[in-house]
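One structure is given here, and the rest of the page talks about it.
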Amino acid sequence: MVVSAGVTLYTYYVNSIRKIEFGSDVIGSVAATFSGSYNAGQTQVDLNINGLTATVNWDGKAVGVVAVGGNYIKVDGFKYYYSAVAGYGVAAQNSCPWLAWLTGATLYDVKVIDTYNVSYRDSSQTNYVTIEYSDELGSKLQVLGINFDVVRSESGKVIKIPIVPVSHKIQGIFAFYYGSTGIFGGCPQLKHYHSSNVSGTIYYSMISS
């Protein structure tokens, strides 16, 4: 499970009850650990996606993450993304504290070998989000490059934003390094290595361009 450290950039109040939030976060991700286990708690992983940070379950040794992050508008509790990009992050127990030097403890590192992603938009399932029109909101959507139409309804002008479902497949291959020395032998040399492959599909709603 990944929880994103997202950012709400702007809030627009349609009325006293309804609001629209503009922000960015991690849409979803998959992770691989050194041991294949995730039972040692959680760690923070910085992603190369707009400075986003993920909190992932890991094994206390090393973890590699591939993720999809994006910018969204949140309407009536639902997020609709107007941009999305895949990326990755890594974290490991790879420093050399005095205890490792004293005890010969094993340390770990992880590198990205390769990542792959492809997304599919199902335009046949297009739906629409409708919001009361205002010049301020229309200008904001235009600046962000969000596609919308202005139409007339019984209650006046409204903004209609087309939404399509997206399935986004992501894959990552990570190289895990590890090593240790004897007692008083200095910092471990991370000369041993194995690789791990992880993949998954992330589903989300996208504003149609």
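Note that the structure is predicted; figures quoted are calculated from it, not measured. Numbers here simply count residues along the sequence, with the first being 1.
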Side-chain donor or acceptor of Y178 paired with backbone N/O of K191 under 3.5 Å: no
Donor on one side chain, acceptor on other, Y204 and H168, under 3.5 Å: yes
Atom NZ of K140 with >12 non-hydrogen neighbours under 6.0 angstrom: yes
Nearest-0.5 Å distance that lies between atom CD1 in I113 and atom CD1 in I173: 6.5 Å
Check: D46/T53 side-chain N/O donor and acceptor closer than 3.5 Å: yes
Rounded distance [0.5 Å steps], OH in Y203 versus NZ in K169: 9.0 Å
Heavy-atom pair with the smallest gap, counting every atom of D59 and F34: OD2-N, 3.3 Å
From OH (Y177) to OH (Y193), nearest 0.5 Å: 6.0 Å
Linked, directly or transitively: F78 and L144 (ILVMFWY side chains, under 4.5 Å): yes
Path from V66 to V118 over hydrophobic side-chain contacts below 4.5 Å: no
Side chain proximity check, V90 to V65, heavy atoms < 4.5 angstrom: no
Pairwise distance CG(L141) to CD1(I207) - rounded to 0.5 angstrom: 7.5 Å
4.5 Å side-chain heavy-atom contact, V129 and I159: no
Residues forming a side chain to side chain donor-acceptor pair (under 3.5 Å) with S134, sequence neighbours excluded: Y12
Residue pair I170 / T115, side-chain heavy-atom distance below 4.5 Å: no
same_hphob_cluster(I161, V143) at 4.5 Å side-chain heavy-atom cutoff: no
Pair R18 + E132, salt bridge at N-O below 4.0 Å: yes
Closest non-hydrogen atom pair between G172 and N197, with its separation: O-OD1, 3.1 Å
Taking every non-hydrogen atom, the tightest pair across L47 and A54: CD1-CB, 4.2 Å
Heavy-atom closest contact (L52 atom, G69 atom, distance): CD1-CA, 4.3 Å
Which residues share a salt bridge (charged side-chain N to carboxylate O under 4.0 Å, His left out) with D149, sequence neighbours left out: none
Sequence-distant partners of R121, salt bridge (charged side-chain N to carboxylate O under 4.0 Å, His left out), two or more places apart: none
Exceeds 12 heavy-atom contacts within 6.0 angstrom, atom OH of Y133: yes
Flag side-chain contact, heavy atom, 4.5 Å: I131 against V158: no
The single option from V166, V68, V26, N117 passing side chain to side chain contact (heavy atoms under 4.5 Å, CB included) against I202: V68
Close side-chain approach of F176 and V110, heavy atoms under 4.5 Å: yes
4.5 Å side-chain heavy-atom contact, T55 and T43: no
Taking every non-hydrogen atom, the tightest pair across I163 and S205: CG2-CB, 3.7 Å
Closest contact, heavy atoms only, L190 versus L107: CD2-O, 3.3 Å
Y38-V45 co-clustered via ILVMFWY side chain contacts under 4.5 Å: no
Worked verdict on N94 versus Y108 for side chain to side chain contact (heavy atoms under 4.5 Å, CB included): CA-CA 5 Å; N94 59 1; Y108 305 88; 5.8 Å; no
Distance in Å, M206 CE paired with S123 OG, rounded so as to fall on 0.5 Å steps: 11.5 Å
Backbone of Y88 reached by a side-chain donor or acceptor of N48 within 3.5 Å: yes
T11 and E21 side chains, donor-acceptor separation under 3.5 Å: no
Donor + acceptor pair across side chains of N147, S209 (<3.5 Å): no
Residue pair Y81 / D25, side-chain donor-acceptor N/O under 3.5 Å: yes
Stepwise ring-ring contact (aromatic ring centres under 6.0 Å, His included) check, Y72 with F22: CA-CA 6 Å; Y72 65 81; F22 298 79; 8.7 Å; no
Pairwise distance NZ(K79) to CG(N71) - rounded to 0.5 angstrom: 11.5 Å
